[in-house]
Amino acid sequence: EVQLVESGGGSVQTGGSLKLACAAPGLTFADYYIGWIRQVPGKDREQVSCIGGSDDETYHLDSVKGRFAISVDNVKNTVYLEMTRLKPEDTGIYYCVADIDRCRNWNLPGHYQYLEHWGQGTLVTVSS
């Protein structure tokens, strides 16, 4: 069974930084699109960032552009989400997700339920 293992969540103040990591032993990231979907209390899940394991496709939610950067290390089979200038509205549970479907399709209505591999989630808390 494939497992995605997230790390790097925590609590920071507004303006702080965190770096999330997602490792997947047994999964070849080069064959997948890997992203982060967050769940904010009281809101629908939203795709934050996504990257192709072997192509140049990337996606960032408008509200995180210029603050978050996603990268993949195919040697370590790990995806990183570097988050800077964090805001309280970035608070939520961040799930690492991997699927063979392209990042651009993840936001199609109802599509999240079909994404294949999910991590257990890591909590990010940004205080004002």
Side-chain angles (χ1 to χ4, degrees):
E1 181 180 345
V2 172
Q3 287 187 323
L4 302 181
V5 181
E6 300 111 331
S7 60
S11 297
V12 295
Q13 292 188 324
T14 297
S17 300
L18 285 172
K19 187 173 184 177
L20 306 184
C22 174
L27 189 73
T28 303
F29 272 167
D31 297 334
Y32 285 81
Y33 293 85
I34 309 99
W36 297 86
I37 291 175
R38 72 183 175 194
Q39 177 72 67
V40 177
K43 295 180 65 177
D44 291 335
R45 291 178 295 180
E46 58 186 356
Q47 182 185 1
V48 176
S49 299
C50 184
I51 189 168
S54 59
D55 65 21
D56 293 332
E57 181 176 357
T58 59
Y59 166 87
H60 288 290
L61 185 67
D62 283 346
S63 63
V64 309
K65 287 179 180 176
R67 300 190 297 121
F68 290 13
I70 189 169
S71 60
V72 58
D73 184 331
N74 282 317
V75 174
K76 295 182 178 180
N77 219 40
T78 300
V79 168
Y80 301 96
L81 183 67
E82 187 139 23
M83 306 185 294
T84 63
R85 291 183 283 143
L86 282 160
K87 303 176 181 180
E89 51 264 41
D90 295 317
T91 294
I93 300 174
Y94 284 68
Y95 296 92
C96 179
V97 183
D99 195 83
I100 59 172
D101 200 2
R102 302 181 70 90
C103 297
R104 70 187 69 175
N105 293 329
W106 289 20
N107 282 324
L108 294 173
H111 199 66
Y112 291 163
Q113 64 182 317
Y114 301 114
L115 299 177
E116 185 173 6
H117 302 291
W118 290 72
Q120 79 284 356
T122 186
L123 179 62
V124 171
T125 304
V126 185
S127 58
S128 56

Tell me whether [X] at atom [atom1] has more than 12 heavy atoms from other residues, nucleotides or ligands lying less than 6.0 Å away.
| X | atom1 | answer |
| --- | --- | --- |
| Ile100 | CD1 | no |
| Asp31 | CG | yes |
| Gln13 | CD | no |

So, taking the atom named [atom1] in [X] and the one named [atom2] in [Y], what distance separates them when rounded to the nearest 0.5 Å?
| X | Y | atom1 | atom2 | value |
| --- | --- | --- | --- | --- |
| His117 | Gln3 | NE2 | CD | 11.5 Å |
| Phe29 | Ile34 | CZ | CD1 | 5.0 Å |
| Asp99 | Leu115 | CG | CG | 5.0 Å |
| Gln47 | Tyr95 | CD | OH | 16.0 Å |
| Arg67 | Ser49 | CZ | OG | 10.0 Å |

Under 4.5 Å between any side-chain heavy atoms of Cys96 and Trp36, yes or no?
-> yes
Check whether any side-chain heavy atom of Arg38 lies under 4.5 Å from a side-chain heavy atom of Val64, and answer yes or no.
-> yes
On the 0 to 90° scale, with breaks at 30° and 60°, tag the Phe68-Tyr94 ring pair as parallel, tilted or perpendicular.
-> tilted
Tell me if a side-chain donor or acceptor on [X] pairs with a main-chain N or O of [Y] at a distance below 3.5 Å.
| X | Y | result |
| --- | --- | --- |
| Thr14 | Lys87 | no |
| Thr91 | Val126 | yes |
| Thr125 | Ser11 | no |
| Asp101 | Trp106 | no |

Taking Tyr80 as the fixed residue, which of Val72, Ile70, Ile51, Asp73 is the one that meets the side chain to side chain contact (heavy atoms under 4.5 Å, CB included) rule?
-> Asp73
Cluster question for you: counting only ILVMFWY and a side-chain heavy-atom cut-off of under 4.5 Å, with indirect links fine, are Tyr59 and Val97 together?
-> no
Quick one: do Ile37 and Val48 end up in the same hydrophobic cluster if we chain Ile, Leu, Val, Met, Phe, Trp and Tyr together by side-chain heavy atoms under 4.5 Å apart?
-> no
Excluding sequence neighbours, so at least two apart, what forms side-chain contact (heavy atoms from CB on, under 4.5 Å) with Asp55?
-> Tyr33, Glu57, Arg102
Give the C-alpha distance, both sets of side-chain angles, the deciding distance and a yes or no for side chain to side chain contact (heavy atoms under 4.5 Å, CB included) between Met83 and Asp90.
-> CA-CA 10 Å; Met83 306 185 294; Asp90 295 317; over 6 Å; no
How close do [X] and [Y] get, heavy atom to heavy atom, and via which atoms?
| X | Y | value |
| --- | --- | --- |
| Ser54 | Ala30 | OG-O, 2.9 Å |
| Asn105 | His111 | O-CD2, 3.2 Å |
| Leu4 | Cys22 | CB-SG, 4.0 Å |
| Leu18 | Val124 | CD1-CG1, 3.9 Å |

Quick one: list whatever passes side chain to side chain donor-acceptor pair (under 3.5 Å) with Lys65, sequence neighbours left out.
-> Asp62
Residue pairs passing the salt bridge (Lys or Arg N to Asp or Glu O under 4.0 Å) test with at least one member in residues 4-19, sequence neighbours excluded, are none
